[in-house]
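For reference, positions follow the sequence shown, starting with 1. Here the structure is a predicted model, which is why all the values come from computation and not from measurement.
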Amino acid sequence: MSVREPDAGACARALRRQEDAHRARTERLMYGLIDVLDSFDRLLAAPAAGQEPDGGPGPGVGAIARQLERAVREEGLEPLGRVGEAADPLTHHVVDVRPVRGAPDGTGIGAGAGARPPDADGEPPGSAERAGPAAETVVEVVRRGYRFHGRLLRPASVVIAVDGGTEPGAREP
C-alpha cells in the first residue's frame, strides 16, 4: 500500500483558513491599537493630568505617540480624515456642519473646540485652515478613522463646511 499524497485542494483550503485566522487576529490587534492612538490624541489635545510645568504634556508623550503611529502604519494601518480634504461618505462620518458664509474675515469657521496633536505631516488634524474652506470640505477632525490593508475599520468623525450659512435642508426666508 502506498501513502496518498495530500489533496492539493485540501491543502489550499487549510492554508486559506490559516491566513484568514491570522488576518482576523491582526485586525483585532489593530482595533485595540486604535483605542490607544485615540487616547494619545485626547491627551495631546487637552493636557490636564500629567502635564509639564509649562502646561503641556511632557515631550516624551508626543514622541511615543508618533513612534506607535509609525509602527502601526508600517503594518498597514492607515489613518483617515484630514482638514481640507473633500468629505467622502465612504470614509467620513459627518458629526457637525459649519457655515462658510458670514464671517468678516472670509473664513466662516473657527479653530474648533480644542487643538489636536499633529498628524504625520505635522499639521494639526482638528485645526481649521485660515483660507476660507470650500463647501463639503473637512474643517475639523473630531476622531480619526482608520483603514487596515484596504478595509475600513472605522470612518473618521468630521465637521464639514456647508454653503450658505444654514443647515443642510433648511430654507432661507
Side-chain angles (χ1 to χ4, degrees), residues 1-47 49-50 57-97 112-129 133-162 168-169:
M1 236 197 232
S2 67
V3 177
R4 287 182 37 182
E5 290 190 25
D7 179 20
C11 286
R13 286 189 298 277
L15 182 59
R16 191 170 33 254
R17 279 193 304 273
Q18 184 179 13
E19 288 171 350
D20 289 346
H22 175 69
R23 186 176 350 214
R25 282 191 305 272
T26 304
E27 198 169 287
R28 281 193 305 275
L29 174 63
M30 290 299 149
Y31 273 113
L33 291 174
I34 286 170
D35 291 338
V36 173
L37 290 168
D38 286 345
S39 295
F40 273 117
D41 285 348
R42 285 189 300 274
L43 175 68
L44 294 170
V61 174
I64 293 168
R66 286 188 300 278
Q67 181 182 18
L68 176 61
E69 186 156 338
R70 190 172 34 254
V72 295
R73 279 179 187 238
E74 289 173 2
E75 295 303 318
L77 188 69
E78 174 189 356
L80 302 171
R82 297 182 56 90
V83 171
E85 69 186 4
D88 179 354
L90 298 176
T91 58
H92 295 128
H93 171 72
V94 177
V95 296
D96 199 5
V97 296
R116 302 278 297 190
D119 61 16
D121 297 330
E123 294 293 322
S127 67
E129 295 182 7
E136 304 294 317
T137 59
V138 175
V139 294
E140 182 181 346
V141 178
V142 176
R143 187 174 78 165
R144 292 187 293 174
Y146 292 92
R147 185 175 8 235
F148 183 61
H149 291 293
R151 177 176 144 86
L152 182 67
L153 297 182
R154 178 178 81 191
S157 297
V158 298
V159 176
I160 64 168
V162 293

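- Here the closest heavy-atom approach between residue R73 and residue P79 is recorded as NH2-CG, 3.0 Å.
- The side-chain heavy atoms of L37 and Y146, taken from C-beta on, include a pair separated by under 4.5 Å.
- For the atom pair CZ (R16) and CD (E19), the distance works out to 8.5 Å, reported to the nearest 0.5 Å.
- Taking 4.5 Å as the limit, every side-chain heavy atom of L90 sits out of range of all side-chain heavy atoms of L152.
- Within the 4.5 Å cutoff, no side-chain heavy atoms of T137 are placed close to those of I160.
- Shown here for A156 and G81, the closest heavy-atom pair between the two residues is CB-CA, 3.9 Å.
- The distance from atom CD of E85 to atom OG1 of T91, rounded to the nearest 0.5 Å, is 6.5 Å.
- Looking at heavy atoms from C-beta onward, L80 lies out of side-chain contact with D88 at the 4.5 angstrom threshold.
- Of all non-hydrogen atoms in V95 and S157, the two that sit nearest each other are CG1-CB, 3.9 Å.
- Here the closest non-hydrogen pair linking R82 and V141 is N-CG2, 3.9 Å.
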### Query
Does the pair R143 and I34 meet the rule for a side chain to side chain contact (heavy atoms under 4.5 Å, CB included), with working shown?
CA-CA 11 Å; R143 187 174 78 165; I34 286 170; over 6 Å; no

### Message
For a side chain to side chain contact (heavy atoms under 4.5 Å, CB included) check, start with the C-alpha distance between V158 and V94, then their side-chain angles and the critical distance, and finish with the verdict.
### Response
CA-CA 5 Å; V158 298; V94 177; 4.3 Å; yes

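- When D96, V97, V159 are each tested for a side chain to side chain contact (heavy atoms under 4.5 Å, CB included) with V139, only one passes: V159.
- Note on residues 20-31: pairs passing side-chain hydrogen bond (donor to acceptor under 3.5 Å, both in side chains), not counting sequence neighbours, are D20-R23, E27-R151.
- For the pair L77 and L153, the minimum side-chain heavy-atom distance is below 4.5 Å.
- Side chain of H149 to backbone of E75: a donor-acceptor contact under 3.5 angstrom is found.
- A donor-acceptor contact shorter than 3.5 Å links the side chain of R154 to the backbone of R144.
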### Message
Evaluate R66 against E69 for side chain to side chain contact (heavy atoms under 4.5 Å, CB included), listing each step before the verdict.
### Response
CA-CA 5 Å; R66 286 188 300 278; E69 186 156 338; 5.7 Å; no

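- Here the shortest heavy-atom pairing between L44 and A65 reads CD1-CB, 4.1 Å.
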